[in-house]
K.L.:
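One structure coming up, written as structure tokens, with questions to follow.
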Amino acid sequence: MAHDALDAAFFQHDVRRVARALIGKTLVSRWNQQRVSGMIVETEAYLPRGDSASHALGGPNRKNASMFGPAGHAYVYTIHARHCFNIVTQNPGIPSAVLIRAVEPLGGIGWMQTRRNQEKRELLTTGPARLCEAFAIGRQLDGVRLGRRRHIWIEHDPDIRLAAKAIRKTERIGVTSAQRLQLRFVLRGNRFVSGPRSLG
DNA sequence: CTACCGATTGACT
DNA sequence: GTCAATCGGTAGA
């Protein structure tokens, strides 16, 4: 029950290292007395330099400001009328973030089904916008620090230990530039990973 | 004000 | 597998 919550120091490393390390961790949301949790099974890294797909390209603006803020805070953006949840890394001064693309539902599945208006577990949290809806993550969390006393945080279960080969590295999903970069990390074989099966 | 875009999803063949 | 709906944010007239 009382698993350690990851603190800011965890997120102050290279974004690729953090993206890989987040696989197998537990994402927890508590909102309106409703606790929801899931094991992270898919992430993507967005680099501070040389990454034409990063929202930080071109410098800070009103929309991407959180990417330039402190590590361990949320960066929530809107795309196609939906939300996506990132965790800022390496900052200050190095705008980078990890996109959480999919989790395996663990607790509060009934809340997820209600919020998603969807019964099938495979359709609750397989995709960045789907999991945001299931975890009640919206723009109001943009720039907010993660923590156990907040709306959202990440826990480490010491019983979950993944072998290096359990994590697969692939190209990112849906990115229209810089596609050759291998910046997506997935838990190999997990059925809650999003995207084409060939990249699972 | 209008025009256009997208780190997506869900419906469809 | 393919494809269009979707709408907030941003840029430009």
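Only this structure's heavy atoms are used, side chains among them; waters, hydrogens and symmetry mates stay out. Throughout, a chain's letter reflects where its sequence line sits, starting with A, and its residues are numbered from 1.
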K.L.:
Take A:Lys63 and A:Arg82, find for each the nucleotide of DNA chain C with the closest heavy atom, and name the residue whose nucleotide sits nearer the 5' end.
P.N.:
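So the residue in question is A:Arg82.
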K.L.:
Which whole-number value in Å describes the distance from A:His83 NE2 to B:dA7 C1'?
P.N.:
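After rounding, the reported distance stands at 15 Å.
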K.L.:
May I ask you to check whether A:Tyr77 and A:His55 place their ring centers less than 6.0 Å from one another?
P.N.:
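Yes, ring centres under 6.0 Å apart.
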K.L.:
Paired with B:dA7: which nucleotide, if any, by Watson-Crick or G-U wobble criteria at under 3.5 Å for both distances?
P.N.:
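Pair assignment: B:dA7 / none.
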K.L.:
Using the six-membered ring for Trp and the full ring for Phe, Tyr or His, decide whether A:His80 stacks on the six-membered base ring of B:dG6 (centres under 5.5 Å, planes under 30°).
P.N.:
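Base of B:dG6: stacked against A:His80.
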K.L.:
B:dG10 P sits how many Å from A:Asn117 CG, rounded?
P.N.:
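Rounded to whole Å, this separation is 11 Å.
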K.L.:
Start with the C-alpha gap between A:Glu42 and A:Arg184, add the side-chain angles, then the distance that decides, and say whether salt bridge (charged side-chain N to carboxylate O under 4.0 Å, His left out) holds.
P.N.:
CA-CA 7 Å; A:Glu42 179 181 0; A:Arg184 174 173 174 262; 2.8 Å; yes
K.L.:
Tell me: OH of A:Tyr77 to P of B:dG6, nearest whole Å?
P.N.:
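Whole-Å distance recorded here is 13 Å.
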K.L.:
Look at the side chain of A:Arg130 and decide which nucleotide, out of C:dT10, B:dA7, B:dG10, has an atom nearest to it.
P.N.:
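Looking only at heavy atoms from C-beta outward on A:Arg130, the closest nucleotide is B:dG10.
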K.L.:
For C:dT6, which nucleotide in any strand shown is its Watson-Crick or wobble partner with both distances under 3.5 Å?
P.N.:
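Paired with C:dT6, as far as the under-3.5 Å criterion goes, is no nucleotide at all.
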K.L.:
Between B:dA7, B:dT9, C:dT10, which nucleotide gets closest to the side-chain atoms of A:Tyr46?
P.N.:
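Closest nucleotide to the A:Tyr46 side chain: B:dA7.
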K.L.:
With the side chain of A:Met67 defined as its heavy atoms from C-beta on, choose the nearest nucleotide among B:dA7, B:dT9, C:dG9.
P.N.:
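The listed nucleotide nearest to A:Met67's side chain is B:dA7.
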K.L.:
Give the rounded distance in Å between these two atoms: NZ of A:Lys120 and C1' of B:dT9.
P.N.:
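Answer to the nearest Å: 15 Å.
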K.L.:
Would you say A:Arg82 and A:Thr78 are linked by a side-chain donor-acceptor pair, where the criterion is simply a distance under 3.5 Å?
P.N.:
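Their side chains do not contain a donor-acceptor pair, so the 3.5 Å distance test is not met.
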K.L.:
Run the numbers on A:Glu104 and A:Arg191 for salt bridge (charged side-chain N to carboxylate O under 4.0 Å, His left out), then give the verdict.
P.N.:
CA-CA 8 Å; A:Glu104 175 174 339; A:Arg191 76 184 213 267; 5.5 Å; no
K.L.:
Can you tell which of C:dG8, C:dA5, C:dG1 lies closest to the side chain of A:Pro196?
P.N.:
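So the side chain of A:Pro196 is nearest to C:dG1.
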K.L.:
Which whole-number value in Å describes the distance from A:Glu171 CD to B:dA7 P?
P.N.:
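Taking atom P of B:dA7 as the reference, CD of A:Glu171 is at 14 Å.
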K.L.:
Could you state the atom-to-atom distance from CD of A:Glu122 to P of B:dG10 in whole Å?
P.N.:
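So the CD-P distance, A:Glu122 to B:dG10, works out to 13 Å.
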K.L.:
Please report, rounded to the nearest Å, how far the C1' atom of B:dT9 is from the CD1 atom of A:Ile79.
P.N.:
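For the pair A:Ile79 CD1 and B:dT9 C1', the rounded distance is 11 Å.
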K.L.:
Reckon A:Arg116 touches a base, only the sugar-phosphate, or nothing at all at heavy-atom distances under 4.0 Å?
P.N.:
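It contacts sugar-phosphate atoms only.
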K.L.:
Flag this pair as yes if the NZ/CZ of A:Arg172 is under 6.0 angstrom from the six-membered ring centre of A:Tyr46 and inside a 45 degree cone about the axis; otherwise no.
P.N.:
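Yes, a cation-pi geometry holds between A:Arg172 and A:Tyr46.
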K.L.:
Let me know the distance between CD1 of A:Ile173 and P of B:dG10, rounded to the nearest Å.
P.N.:
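Result: 16 Å.
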K.L.:
Ignoring the backbone of A:Val175, work out which of C:dT10, B:dA7, B:dT9 is nearest its side chain.
P.N.:
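Of the options given, the side chain of A:Val175 lies nearest B:dA7.
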